[in-house]
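Accompanying notes for the structure given below.
This structure is a prediction, so every number in the text was calculated from the model and none was measured. Just so you know, ligand 1 is whichever comes first in the structure, and atom 1 is the first atom listed for that ligand. Heavy-atom basis, side chains included; hydrogens, waters and symmetry copies ignored.
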Amino acid sequence: MDDCLFCKIISGDIKSDKIFENEFVLVFRDINPKAPVHLLVVPKKHIASIMEIEKLGHGEIAEIMGSISRIAKELGLDKDGFRVVTNTGQGAGQSVAHLHFHVLGKRTFHWPPG
Ligand code: AMP
């Protein structure tokens with residue numbers, strides 16, 4: 001997608017602070033962190049949101065979910081708990097129309113979220 005910010009990050013046209021990358025997934029630090037650790041986990045294939053999840057293969061989905069738990073463990077987020085969020089649509093505050101999972105950690109989180 002020519003006009004997609006995260007596609008440009010995936011292609012390397014826009015720089016990011018990469019944490020992990022493989023054939024299917026890129027993980028990088030959010031530029032405007034909302035917690036001491038704030039990562040974005042994105043599929044390399046462009047889909048707008050979780051509402052298009054059927055466009056990804058089972059292997060890609062497993063890789064996204066697997067990378068979240070693997071990286072959470074590597075960074076020690078699992079010890080005290082962490083949050084995984086995918087804002088979907090305007091009402092939920094989605095600002096980039098490329099599926100991404102926020103992984104937030106190293107602070108206390110409240111429920112329900114705002
Ligand atoms: P959302 O608002 O849920 O769609 O999340 C989009 C996220 O992308 C926000 O948390 C932004 O801070 C983040 N973001 C925007 N531009 C960049 C960038 N160039 N590098 C890293 N994160 C970004």
Exercise for the section: Can you tell me which residues line ligand 1 if we count any heavy atom under 4.0 angstrom from one of its atoms, in chain and number order? Expected result: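 Shell around ligand 1 (4.0 Å, heavy atoms): Leu5, Phe6, Ile9, Phe28, Arg29, Asp30, Ile31, Asn32, Leu40, Asn87, Gly93, Gln94, Ser95, Val96, His100, His102.
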How many angstroms lie between atom CG of Leu99 and atom NZ of Lys55, to the nearest 0.5 angstrom?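 Rounded to the nearest 0.5 Å, the CG-NZ separation comes out at 11.5 Å.
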- Message: Is the ring pair Phe6/Phe28 parallel, tilted or perpendicular, if the boundaries are 30 and 60 degrees?
- Response: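 Phe6 vs Phe28 ring planes: perpendicular.
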- Query: Just wondering, more than 12 heavy atoms not from Glu54 lying within 6.0 Å of its CD?
  - Reply: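 It does: Glu54 CD has more than 12 such atoms within range.
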*Over 12 foreign heavy atoms within 6.0 Å of CE, Met51*: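 At most 12 heavy atoms, drawn from other residues, nucleotides or ligands, come within 6.0 Å of this atom.
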Do Glu63 and Arg70 sit within salt-bridge range, that is, some charged N less than 4.0 Å from a carboxylate O?
->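 A salt bridge is present here (some side-chain N lies under 4.0 Å from a carboxylate O).
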### Query
Between His100 and His98, does the ring centroid distance fall short of 6.0 Å?
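No.
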